[in-house]
Amino acid sequence: MLSKVISAVCLMLWVSHCAVSAAEDPFMTKALKLMSETPLIDGHNDLPWQLRKQFNNQLNVVDLNTLNTTHTNIPKIKQGKLGAQFWSAYVPCDTQYKDAVRQTLEQIDVVHRMCEKYPDNFMFATSAQDIRTAFSQNKTASLIGVEGGHSIDSSLGTLRTMYQLGVRYLTLTHSCNTPWADNWLVDEGSDPSEHNGLSQFGKQVVMEMNRLGMLIDLAHVTVKVMNQVLDMSEAPVIFSHSSAYSICKHARNVPDDVLKRVREKKGIVMVNFYNDYVTCSKTANISDVADHFDHIKKVAGADIIGFGGDYDGVTRLPEGLEDVSKVPNVVAELLRRGWTDKEVNAALGNNLLRVFTDAEEVRDKLTNKKPDDVPIPYAEVNKNSCRTSHGYPDDVTGAASSLSTLALQLTLALQGLLLLSAL
């Protein structure tokens with residue numbers, strides 16, 4: 001009995017010490033105030049994947065109020081003042097050519113069910129305005145990003161269907177090439193380039209995402225793909241969870257020349273907290289993460305920066321950023337380094353809200369554009385023995401391919417003429 005009393009007293013003293021420490025830190029006080037005024041919007045969290053790994057998506061047997069085997073739960077979300085989250089509908093590359101679409105739909109489903117099970121905490125969101133509405137109601141806006149182009153199985157119809165289900169970004173690749181795009185491992189020399197960046201169909205995917213208003217996420221692609229998309233996309237692009245290559249020379253990070261192009265496109269790079277991308281080593285701290293924010297600001301300005309912690313998708317996190325409750329520590333560190341309120345608010349959420357709104361405006365401008373229904377050439381997907389050729393002509397390697405290429409060339413030419421006329 002005495003030991004329990006002593007433990008309780010020690011806990012109370014520790015909590016009181018933490019509260020006093022926070023109160024004595026003017027930067028933390030200012031950080032929490034700013035986060036109460038501007039929503040912290042995080043670009044990537046893999047809690048849905050942890051729900052599959054640990055519980056096979058049986059949300060009925062999970063209580064997100066008490067779950068302690070993940071970086072993310074409801075108390076941690078509240079403490080971290082998470083205003084909006086893009087939950088990752090991720091399935092591994094080994095599902096490609098197999099059941100990637102089914103598994104991705106199940107990950108989309110689990111996000112919907114999270115919002116239904118905890119309506120006082122989560123609000124399902126599909127627009128910039130939804131994020132603002134959820135924030136005004138003291139709820140975490142819950143959006144969906146699909147992590148990996150293999151999840152659409154080279155189908156524009158599947159892409160559109162996922163948009164209708166609430167998906168608002170697609171990461172063009174994960175850590176594998178798709179039949180239409182090269183992934184970041186090509187830049188490391190681990191994978192061969194199959195498309196010299198994007199194939200013709202890959203460019204169709206980009207343009208259809210513009211038409212839909214779906215954000216294009218370049219977090220896992222090659223530098224070649226980054227530049228191709230920046231050349232052709234009408235809407236701003238995002239890097240949902242990547243950091244600065246000059247600080248940590250890892251192929252998952254963004255080179256300076258691309259950072260400058262993201263600024264020109266008015267896009268956003270949402271800084272990843274994974275130690276391997278922060279310091280290129282197994283250890284890191286809050287200051288190391290802030291170095292990435294500082295570098296991106298120095299190279300391309302504060303208007304392209306956001307938060308993309310990658311919680312529950314990584315195994316090593318910086319000291320002081322062990323779970324989502326600790327994110328205010330980064331905000332306090334930025335203030336300590338002299339960031340202005342305007343710059344901090346931009347990084348917290350205003351930048352992402354601007355990018356999202358701009359993508360919605362491009363969508364609205366393209367309202368009269370018909371959905372692209374030219375399929376990927378069968379020759380580019382026929383190595384998948386499970387894929388049938390229903391609907392393709394008898395000469396499946398010819399007609400569909402020439403139609404696809406011609407349609408894309410005409411569309412790009414028209415887009416170029418429109419851009420010239422606007423100058």
Side-chain angles (χ1 to χ4, degrees), residues 39 41-67 70-78 82-92 95 99-153 155 157-171 174 209 212-215 217 238 240-241 310-313 324 352 356 359-360 363:
I41 304 173
D42 185 271
H44 195 87
N45 185 299
D46 278 297
L47 177 62
W49 178 245
Q50 292 301 324
L51 294 175
R52 177 180 284 276
K53 280 182 65 178
Q54 297 184 34
F55 307 101
N56 203 14
N57 282 353
Q58 296 176 88
L59 197 56
N60 292 333
V61 302
V62 182
D63 185 351
L64 292 184
N65 289 294
T66 58
L67 180 65
T70 56
H71 300 143
T72 313
N73 62 25
I74 288 171
K76 292 173 183 175
I77 286 170
K78 293 296 184 184
L82 183 61
Q85 181 66 66
F86 280 91
W87 302 107
S88 175
Y90 159 77
V91 299
T95 64
D99 56 353
V101 173
R102 174 184 63 80
Q103 290 211 32
T104 303
L105 291 174
E106 290 172 352
Q107 296 310 104
I108 293 169
D109 169 69
V110 84
V111 176
H112 280 276
R113 288 190 289 126
M114 278 172 48
C115 296
E116 292 166 2
K117 184 173 180 179
Y118 303 98
D120 294 335
N121 304 107
F122 301 129
M123 181 185 126
F124 191 75
T126 60
S127 67
Q129 183 55 49
D130 284 349
I131 294 174
R132 297 184 182 96
T133 300
F135 188 65
S136 71
Q137 297 176 5
N138 198 30
K139 297 179 183 181
T140 298
S142 294
L143 304 101
I144 300 175
V146 167
E147 187 180 17
H150 60 284
S151 285
I152 67 169
D153 196 19
S155 165
T158 300
L159 177 74
R160 288 187 285 270
T161 299
M162 289 183 177
Y163 182 85
Q164 293 299 323
L165 292 174
V167 174
R168 287 302 178 265
Y169 78 62
L170 173 69
T171 316
H174 191 250
M209 290 175 70
L212 289 169
M214 185 183 287
L215 297 169
D217 180 21
I238 71 169
S240 67
H241 56 306
D310 209 357
Y311 283 109
D312 281 309
V324 297
L352 190 282
F356 206 169
E360 291 170 341
R363 173 201 64 197

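Computed over heavy atoms, backbone and side chain alike; hydrogens, waters and symmetry mates excluded. Being a predicted model, the structure only gives us computed values, none of them experimental.
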Non-hydrogen side-chain atoms of [X] and [Y] separated by less than 4.5 Å:
{"X": "Asp46", "Y": "Gln50", "value": "no"}
{"X": "Gln107", "Y": "Asn57", "value": "yes"}
{"X": "Tyr90", "Y": "Arg52", "value": "no"}
{"X": "Thr72", "Y": "Ile77", "value": "yes"}
{"X": "Gln85", "Y": "Leu47", "value": "no"}
{"X": "Lys139", "Y": "Thr133", "value": "no"}
{"X": "Glu360", "Y": "Gln129", "value": "no"}
{"X": "Leu143", "Y": "Ile131", "value": "yes"}

Does [X] reach the main-chain N or O of [Y] with its side chain, forming a donor-acceptor pair under 3.5 Å?
{"X": "His174", "Y": "Glu147", "result": "no"}
{"X": "Arg168", "Y": "Gly145", "result": "no"}
{"X": "Tyr118", "Y": "Leu64", "result": "yes"}
{"X": "His71", "Y": "Asn45", "result": "no"}
{"X": "Asp153", "Y": "Ser155", "result": "no"}
{"X": "Asp312", "Y": "Thr70", "result": "no"}
{"X": "Thr140", "Y": "Leu82", "result": "yes"}

(message) Tell me if the CG atom of Asn138 is crowded by more than 12 foreign heavy atoms within 6.0 Å.
(response)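 No, the 6.0 Å shell around CG holds no more than 12 heavy atoms from other groups.
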(request) Please identify each residue that fulfils side-chain hydrogen bond (donor to acceptor under 3.5 Å, both in side chains) with Asn121, with sequence neighbours left out. (result)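 Listed in chain order: nothing, the list is empty.
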(request) Determine which pairs satisfy salt bridge (charged side-chain N to carboxylate O under 4.0 Å, His left out) with at least one residue from residues 108-122, sequence neighbours left out, and list them in order. (result)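 The answer is Asp109-Arg113.
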(request) Just say parallel, tilted or perpendicular for the rings of Phe356 and Phe86, cut-offs at 30° and 60°. (result)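 Tilted, since the angle between the ring planes falls between 30° and 60°.
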(request) Could you check whether the rings of Phe122 and Trp87 sit parallel, tilted or perpendicular, using 30° and 60° as the cut-offs? (result)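 Perpendicular: the ring planes of Phe122 and Trp87 meet at over 60°.
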Can you measure from [atom1] ([X]) to [atom2] ([Y]) and round to the nearest 0.5 angstrom?
{"X": "Arg363", "Y": "Met209", "atom1": "CZ", "atom2": "CE", "result": "13.5 Å"}
{"X": "Thr161", "Y": "Leu105", "atom1": "OG1", "atom2": "CG", "result": "8.5 Å"}
{"X": "Ile144", "Y": "His112", "atom1": "CD1", "atom2": "NE2", "result": "4.0 Å"}

(message) Assess, by modelled atom type and distance only, whether the side chains of Gln103 and Thr95 contain a donor and an acceptor separated by less than 3.5 Å.
(response)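 Per modelled atom types, Gln103 and Thr95 side chains form no pair under 3.5 Å.
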(request) Apply the test side-chain contact (heavy atoms from CB on, under 4.5 Å) to residues Gln54 and Val62: give CA-CA distance (whole Å), side-chain angles for both, the deciding distance (0.1 Å), then the verdict. (result) CA-CA 10 Å; Gln54 297 184 34; Val62 182; over 6 Å; no
